[in-house]
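Structure first, commentary second.
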Number of protein chains: 2
Amino acid sequence: MSEFHYNPHISVDCVIFGFDDEKINILLIKRKQEGENVYALPGDLVQKGEDLDVAAARVLFELTSLENLYLEQFKTFGSPERTSDPVDVEWIKSIREHPEARVITVAYNSLVKTEDFDYRPSSFAEEVLWHPIEKPQKLGFDHNEIANTGWAMLREKIKREPVIAFSLLPEKFTLRQLQTLYEAIVGQELDKRNFRKRMLRNRFLVPMNEKETGVSHKPAQYYRFDDLVYKEEFAKDQWFLF
Amino acid sequence: MSEFHYNPHISVDCVIFGFDDEKINILLIKRKQEGENVYALPGDLVQKGEDLDVAAARVLFELTSLENLYLEQFKTFGSPERTSDPVDVEWIKSIREHPEARVITVAYNSLVKTEDFDYRPSSFAEEVLWHPIEKPQKLGFDHNEIANTGWAMLREKIKREPVIAFSLLPEKFTLRQLQTLYEAIVGQELDKRNFRKRMLRNRFLVPMNEKETGVSHKPAQYYRFDDLVYKEEFAKDQWFLF
DNA sequence: CAAAGATAGTGTAATGTGTACACTTACCCA
DNA sequence: TGGGTAAGTGTACACATTACACTATCTTTG
């Protein structure tokens with residue numbers, strides 16, 4: 001796809017969250033410049049006539065082969081200086097015709113089930129990796145600010161609408177996985193009995209006819225998230241808050 | 001200021017909220033086109049080298065002469081079709097050199113104390129008016145979508161961070177005014193005693209040595225909002241939720 | 001095959017929070 | 001001075017949150 005198809009002034013960047021049964025990670029791409037590694041968020045210029053949400057979904061699809069992911073625009077970054085670091089300018093020169101142009105970027109949060117994820121090389125990513133959100137990592141452009149803002153927005157949002165957390169879990173999961181996920185998000189340990197009590201009164205959490213196998217302790221019940229029950233009964237209510 | 005100074009691809013639009021002791025209004029501008037009135041949100045193209053937040057503050061200042069208003073970016077609208085209604089195209093032609101350009105707009109919510117407000121004519125507004133947020137009004141471009149989204153975001157935000165409501169009230173106010181404001185925002189009546197009980201346990205709400213005068217009933221105590229006390233003691237806590 | 005190791009799974013009592021509800025007070029005005 | 005009007009006040013009940021310790025069930029190993 002030639003640059004002719006792109007709007008050189010607008011890009012999208014994606015903060016893609018995944019959960020590895022222990023902590024929250026974000027997906028970074030690595031670009032190679034003269035031996036030094038520079039990490040960045042996946043993103044791309046918006047194409048001419050392309051809607052913003054579509055552009056973000058396209059970036060995600062090119063990277064993960066996944067469609068219909070949880071995707072939410074959270075903020076637009078437009079500082080005139082945001083792409084003027086010399087290292088970044090050099091990188092832009094290597095891939096675009098108008099490196100001097102001011103680019104405003106619309107940032108999106110996305111949630112993926114790690115089990116579904118199988119990344120493939122893409123036009124803008126030489127290498128892709130999961131990076132723990134809590135571990136500092138210098139990123140190119142203003143991507144540190146973007147990632148930090150996205151993470152803060154996600155934590156706020158999940159308090160208000162905890163159901164989006166299920167986008168980070170496999171189809172079947174144990175209550176222990178669910179609790180670990182919430183602990184990773186709110187950043188503190190939660191009481192097991194109270195957590196279960198609150199969760200299990202939500203009817204959209206349905207037990208499956210299946211238990212863990214191959215574990216050297218009492219096997220856990222598998223549950224699934226029933227989207228229909230949620231929409232029918234809980235859509236308007238706030239069902240619990242931390 | 002000539003168009004030379006503007007970035008023809010990015011604009012800001014402001015949803016400006018005010019409270020008239022009864023209901024919430026938003027500030028609209030009226031443009032005159034061949035006798036028919038078309039209403040729109042105040043907004044403008046972003047200038048070259050101008051930060052987005054600065055552009056929004058500039059639009060507000062040009063319209064209200066007020067600075068340091070509550071101002072929060074809430075969403076960016078970038079549908080390729082958003083400025084293609086014939087009536088809007090005609091309007092754009094009359095004020096800009098490149099009417100065909102795709103313009104992406106960054107939308108901001110703003111809160112003003114109506115008492116401070118004294119609008120003046122500006123380059124983009126022939127006439128300015130307060131319009132009740134609950135009363136339907138067709139707006140140009142995609143401004144209905146923008147205003148509705150802004151209102152929804154404000155209502156959500158104020159549940160999480162109720163303190164921003166004080167940006168809509170005068171320096172001194174009664175608890176009745178405060179309650180009416182909350183009722184306008186949440187869209188339902190609240191119990192007087194419970195409302196007071198919850199409010200008065202917040203130490204940043206401080207009674208003044210002053211009461212209402214000239215009312216034909218028991219005069220109400222005036223209160224003020226103490227920003228310092230709020231920041232010191234309540235910044236990290238959620239102090240109440242509806 | 002029995003015991004040890006590991007995590008799943010369970011209930012209750014105390015405290016705190018939200019909700020519903022009706023009368024008295026203080027001022028103005030006629 | 002009495003009537004009109006909105007301000008201001010407290011209590012009882014229901015519900016939600018919190019703190020906390022033992023038993024159940026599986027695998028592994030000696």
Side-chain angles (χ1 to χ4, degrees), chain A residues 20-23 158-160 162 169-170 172-203 205-224 233-234 236-242, chain B residues 20-23 158-160 162 169-170 172-203 205-224 234 237-242:
Chain A
D20 62 8
D21 277 1
E22 183 189 339
K23 59 193 183 312
I158 223 160
K159 282 181 194 167
R160 226 162 63 243
L169 289 175
K172 62 184 187 186
F173 52 84
T174 67
L175 289 179
R176 179 70 238 172
Q177 286 178 287
L178 185 58
Q179 184 176 342
T180 306
L181 172 57
Y182 273 92
E183 288 173 338
I185 291 168
V186 303
Q188 61 180 20
E189 294 197 351
L190 303 170
D191 180 86
K192 181 165 64 161
R193 275 180 288 192
N194 295 336
F195 181 81
R196 285 162 172 263
K197 204 191 312 174
R198 280 186 300 184
M199 274 300 170
L200 291 177
R201 61 171 187 249
N202 297 313
R203 298 238 312 273
L205 207 55
V206 304
M208 301 174 72
N209 291 327
E210 198 178 348
K211 294 184 173 188
E212 263 183 325
T213 54
V215 290
S216 68
H217 56 76
K218 182 171 178 177
Q221 175 71 239
Y222 277 124
Y223 290 82
R224 66 184 176 82
E233 303 197 27
F234 296 87
K236 289 288 170 185
D237 301 338
Q238 56 185 59
W239 43 285
F240 81 84
L241 298 158
F242 284 107
Chain B
D20 62 7
D21 276 0
E22 185 189 336
K23 59 194 183 310
I158 223 158
K159 282 182 196 168
R160 224 161 65 242
L169 288 176
K172 60 183 188 187
F173 52 83
T174 66
L175 288 179
R176 180 69 238 172
Q177 285 178 286
L178 185 57
Q179 185 176 340
T180 306
L181 172 56
Y182 273 92
E183 289 173 339
I185 291 168
V186 304
Q188 62 182 19
E189 294 196 352
L190 302 170
D191 180 86
K192 181 165 65 164
R193 275 180 288 194
N194 295 335
F195 181 82
R196 285 163 171 263
K197 204 190 315 175
R198 280 186 298 183
M199 274 299 170
L200 290 177
R201 61 171 186 247
N202 297 313
R203 298 238 313 273
L205 205 56
V206 305
M208 302 173 73
N209 292 327
E210 198 178 350
K211 295 184 173 187
E212 262 183 326
T213 53
V215 290
S216 68
H217 55 79
K218 181 171 179 176
Q221 175 72 240
Y222 278 123
Y223 290 82
R224 67 184 174 83
F234 296 87
D237 300 340
Q238 55 186 59
W239 43 285
F240 82 85
L241 297 158
F242 284 107

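In what follows, chains carry the letters A, B, and so on, assigned in the order in which the sequence lines appear, proteins first and then strands, with residues in each chain numbered from 1. Below, all heavy atoms of this structure are taken into account, side chains as well, without hydrogens, waters or symmetry copies.
For the pair B/R201 and C/dG18, the criterion of a side-chain N or O lying under 4.0 Å from OP1 or OP2 is met. Phosphate proximity of D/dA16 to A/R198: absent, as no side-chain N or O sits under 4.0 Å from OP1 or OP2. Put simply, B/R193 has no side-chain N or O that comes within less than 4.0 Å of OP1 or OP2 on C/dC21.
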Nucleotide N/O to protein N/O under 3.5 Å, stretch nucleotides 23-25 of chain D:
residue : atom : partner : partner atom : Å
D/dT25  : O2   : A/K218  : N            : 2.8

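Under the rule for a salt bridge (charged side-chain N to carboxylate O under 4.0 Å, His left out), the partners of A/E210 that lie at least two apart in sequence or sit in another chain are A/K172. Evaluation of the salt bridge (charged side-chain N to carboxylate O under 4.0 Å, His left out) rule for A/E212 yields no partner, not counting sequence neighbours. Under the ring pair (Phe, Tyr, Trp, His ring centres under 6.0 Å) criterion, A/F173 pairs with A/F166, sequence neighbours left out.
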Side-chain donor-acceptor pairs of residues 185-197 of chain B under 3.5 Å, sequence neighbours excluded:
residue : atom : partner : partner atom : Å
B/D191  : OD2  : B/R193  : N            : 3.1
B/D191  : OD2  : B/N194  : N            : 2.9
B/D191  : OD2  : B/N194  : ND2          : 3.3
B/N194  : OD1  : B/K197  : NZ           : 3.4

In a table with atom names and distances, give each donor-acceptor pair under 3.5 Å that connects a side chain of residues 213-220 of chain B to protein atoms at least two apart or in another chain.
none

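Distance, A/Q221 CD to C/dG9 P: 7 Å, rounded to whole Å. The distance from atom CD of A/E212 to atom C1' of C/dG9 is 12 Å, rounded to the nearest whole Å. Between A/Q179 atom CD and C/dT7 atom P there is a gap of 14 Å when expressed in whole angstrom units. Distance CG (B/D21) to P (D/dA6): 14 Å, rounded to an integer number of Å. Whole-Å rounding puts the A/F195 CZ to C/dG9 C1' distance at 14 Å. Counting to the nearest Å, the P atom of C/dG9 and the CG atom of A/L178 are 12 Å from each other. One can place CG of B/N194 at 14 Å from P of D/dT11, the figure rounded to the nearest angstrom. Atom CG of A/L200 is separated from atom P of C/dA8 by 14 Å (rounded to the nearest Å).
Set against C/dA8, D/dG8, D/dA19, the side chain of B/K192 has D/dG8 as its closest nucleotide.
Each of B/L200, B/V206, B/T174 was checked for a side-chain contact (heavy atoms from CB on, under 4.5 Å) with B/Y223, and the lone residue meeting it is B/L200.
Judged by closest nucleotide on DNA chain C, A/T174 is the one of B/D191 and A/T174 placed further toward the 5' end.
Backbone-only contact: B/R176 has heavy atoms under 4.0 Å from sugar-phosphate atoms and none from a base.
To the nearest 0.5 Å, atoms CG (B/L181) and CG (B/L175) are separated by 12.0 Å.
For a distance-only test at 3.5 Å, the side chain of B/K197 fails to qualify as a donor-acceptor partner of the base of C/dT17.
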